[in-house]
Protein chains: 2
Amino acid sequence: MMTDEALSALAALAHPTRLAAFRLLVRHEPDGLTTGELVEHSGLTQSTFSTHLAVLAKAGLVRSEKQGRNQIQRAEIGALSALMLFLAKDCCGGRAELCEPLLAELTCC
Amino acid sequence: MMTDEALSALAALAHPTRLAAFRLLVRHEPDGLTTGELVEHSGLTQSTFSTHLAVLAKAGLVRSEKQGRNQIQRAEIGALSALMLFLAKDCCGGRAELCEPLLAELTCC
DNA sequence: ATCATCCATCGGTAATAACCGATAGGTGTG
DNA sequence: CACACCTATCGGTTATTACCGATGGATGAT
């Protein structure tokens, strides 16, 4: 993952509405949710939420698929993994000792 | 890590200058760098960079320590780990199979 | 004591992002 | 074909953020 991709992923998640939507989508993998359901959860206007969704999509964190007249949204777990790997390499690159506690916590969950 | 903390950490890292500074600090653990050195790397004004540094500090990603008339900045690896754990729990919570590839990559680095 | 250095904060401007209502393009239904 | 529904995009306003120069407090050197 390039720095620019990481930046847009970070920016996409750095918003309450988008982070909540993304986490909700992760919990609904692999079925996904329709845009309308996400809008309801967000409490925002359909148009406002749509732009948030576009940010997530542009960052590669969410992919959408048309199903009838609904749009199914799904979390792109691979993008999340890539982002975490990007962050992890900052400390693990050459200094694995710094990441050891992190790995210990991750493997237990 | 609470959602608000994760949000401020994400927002702090979602900026080219701040992400670069943070990564640089991680690479210079545990010695740290002075604010002046970071300013040089950033290519920005001292005042502008100082506000960026404040964002990182407020998010708990950087802690500073006074040393003479210099201010030594250090990356807070624990905060990075906490953020990654926060993100990881989204997919690992109840569905460890999604995080398996991530863990495989992490343990190898 | 004086002076230079380092850095945080203030004031102000310009750019960016968030939000809404309204519109319009598709898609299924009657 | 007409109609209702779902969703993306446009136009415009407001709020937030980024950036700079300038100021001032603190520290070390002369």
Side-chain angles (χ1 to χ4, degrees), chain A residues 3-25 28 31-76, chain B residues 3-25 28 31-76:
Chain A
T3 300
D4 286 350
E5 301 174 273
L7 277 170
S8 70
L10 288 167
L13 294 177
H15 189 280
T17 297
R18 293 193 294 259
L19 181 60
F22 181 73
R23 300 181 82 188
L24 194 58
L25 285 177
H28 282 80
D31 299 335
L33 290 173
T34 67
T35 305
E37 292 171 315
L38 289 170
V39 168
E40 262 189 83
H41 276 279
S42 76
L44 295 176
T45 308
Q46 177 270 323
S47 72
T48 298
F49 187 81
S50 182
T51 64
H52 283 303
L53 210 43
V55 173
L56 285 168
K58 192 170 181 186
L61 288 163
V62 164
R63 70 179 189 287
S64 76
E65 179 192 334
K66 199 151 204 171
Q67 182 175 303
R69 71 182 147 191
N70 288 354
Q71 201 82 12
I72 304 287
Q73 308 288 340
R74 288 201 182 81
E76 194 72 63
Chain B
T3 300
D4 286 351
E5 300 174 274
L7 277 170
S8 70
L10 288 166
L13 294 177
H15 188 281
T17 298
R18 293 193 293 257
L19 182 59
F22 181 73
R23 300 181 81 188
L24 194 59
L25 285 178
H28 281 80
D31 299 334
L33 291 173
T34 67
T35 305
E37 291 170 318
L38 289 169
V39 168
E40 261 189 84
H41 276 278
S42 76
L44 295 175
T45 308
Q46 176 269 323
S47 72
T48 298
F49 188 82
S50 182
T51 64
H52 283 304
L53 210 44
V55 174
L56 286 168
K58 193 171 180 183
L61 288 163
V62 164
R63 72 178 189 286
S64 76
E65 180 192 333
K66 198 152 204 172
Q67 182 175 305
R69 71 183 148 190
N70 289 353
Q71 201 82 12
I72 304 288
Q73 309 287 340
R74 288 200 181 82
E76 194 72 62

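By convention in this document, chain letters (A, B, ...) are assigned in the order of the sequence lines, proteins followed by strands, and residues within each chain are numbered from 1.
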Novice: Given that S47(A) and Q46(B) both sit by DNA chain C, which one's nearest nucleotide is further toward the 5' end?
Specialist: Q46(B)
Novice: Without swapping roles, check the side chain of S42(A) against the backbone of V39(A) for a donor-acceptor pair under 3.5 Å.
Specialist: yes
Novice: For dT17(D) and H15(A) - does any side-chain N or O of the residue sit under 4.0 Å from the phosphate oxygens OP1/OP2?
Specialist: no
Novice: Remember a base hit wins even if backbone is also touched, and classify T35(A) as base, sugar-phosphate or nothing at under 4.0 Å, heavy atoms.
Specialist: sugar-phosphate
Novice: In whole Å, what is the span from the CD atom of Q73(B) to the P atom of dC6(C)?
Specialist: 14 Å
Novice: To the nearest Å, how far apart are L38(B) CG and dC6(C) P?
Specialist: 14 Å
Novice: Can you find a pair of side-chain heavy atoms, one from H15(B) and one from V55(B), that are under 4.5 Å apart?
Specialist: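 Answer no - side chains too far apart.
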Novice: Heavy-atom distance under 4.5 Å between the side chains of L56(A) and Q73(A), does that happen here?
Specialist: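 No; the side chains remain at least 4.5 Å from each other.
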Novice: In whole angstrom, what separates L53(A)'s CG from dC6(D)'s P?
Specialist: 16 Å
Novice: Starting from the 5' end of DNA chain C, give me the residue, T51(B) or H52(A), whose nearest nucleotide shows up first.
Specialist: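 Looking at DNA chain C, the more 5' nearest nucleotide goes with T51(B).
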Novice: Out of dA18(C), dC19(C), dA22(D), which has the shortest distance to the side chain of R18(A)?
Specialist: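 Comparing dA18(C), dC19(C), dA22(D) against the side chain of R18(A), the answer is dA18(C).
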Novice: When you measure from the side-chain N and O atoms of T48(A) to the phosphate of dC20(C), is any distance below 4.0 Å, counting only OP1 and OP2?
Specialist: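 Answer yes for this pair, as a side-chain N or O of T48(A) is under 4.0 Å from OP1 or OP2.
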Novice: Is there a donor-acceptor pair under 3.5 Å between the side chain of T45(A) and the backbone N or O of T48(A)?
Specialist: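 Not at all, since once roles are kept as given, no pair shorter than 3.5 Å links the two residues.
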Novice: Taking the side chain as everything from C-beta on, heavy atoms only, tell me whether H52(B) gets closer than 4.5 Å to L44(B).
Specialist: yes
Novice: Establish whether the base of dA8(C) is bridged to the side chain of Q71(B) by a donor-acceptor pair shorter than 3.5 Å.
Specialist: no
Novice: Over how many whole Å does the gap from N70(A) atom CG to dG26(C) atom P extend?
Specialist: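 Taking atom P of dG26(C) as the reference, CG of N70(A) is at 17 Å.
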Novice: Rounded off to whole Å, could you give me the CZ-to-P distance for the F49(A) and dT7(D) pair?
Specialist: 10 Å
Novice: Using atom CG of L56(B) as one end and atom C1' of dA8(C) as the other, report the distance to the nearest whole Å.
Specialist: 15 Å
Novice: What is the distance from CD of E65(B) to C1' of dC6(C), rounded to the nearest Å?
Specialist: 16 Å
Novice: Of the nucleotides dC19(D), dC20(C), dT7(D), which one has an atom closest to the side chain of T45(A)?
Specialist: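 Closest nucleotide to the T45(A) side chain: dC20(C).
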Novice: Which listed nucleotide (dA22(D), dC19(D), dC20(C)) is nearest to the side chain of L44(A)?
Specialist: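 Among the listed nucleotides, the one closest to the side chain of L44(A) is dC20(C).
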Novice: Rounded to whole angstroms, how far apart are CG on L7(A) and P on dA18(D)?
Specialist: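 After rounding, the reported distance stands at 12 Å.
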Novice: Rounded to the nearest 0.5 Å, how far apart are OG1 of T34(B) and CZ of R69(B)?
Specialist: 11.5 Å
Novice: Determine whether the side chains of T35(A) and Q71(A) contain a donor N or O and an acceptor N or O closer than 3.5 Å.
Specialist: no
Novice: So which atom in E5(A) and which in S8(A) form the shortest heavy-atom distance, rounded to 0.1 Å?
Specialist: O-OG, 3.1 Å
Novice: Which pair of non-hydrogen atoms, one from L61(B) and one from A12(B), has the smallest distance, and what is that distance?
Specialist: CD1-CB, 3.9 Å
Novice: Which one, dG21(D), dA8(C), dT9(D), comes nearest to the side chain of S50(A)?
Specialist: dT9(D)
Novice: Please name the pair of heavy atoms, one in L13(B) and one in L19(B), separated by the smallest distance, quoted to 0.1 Å.
Specialist: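 Here L13(B) and L19(B) meet closest at O-CB, 3.4 Å.
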Novice: Please tabulate, one pair per line, each protein N/O and nucleotide N/O from nucleotides 25-30 of chain D that are separated by under 3.5 Å, including the distance.
Specialist:
none

Novice: Wobble G-U and Watson-Crick pairs count when both distances are under 3.5 Å; given that, what is the 5' to 3' dot-bracket string of DNA chain D, with | for pairing to other strands?
Specialist: ||||||||||||||||||||||||||||||
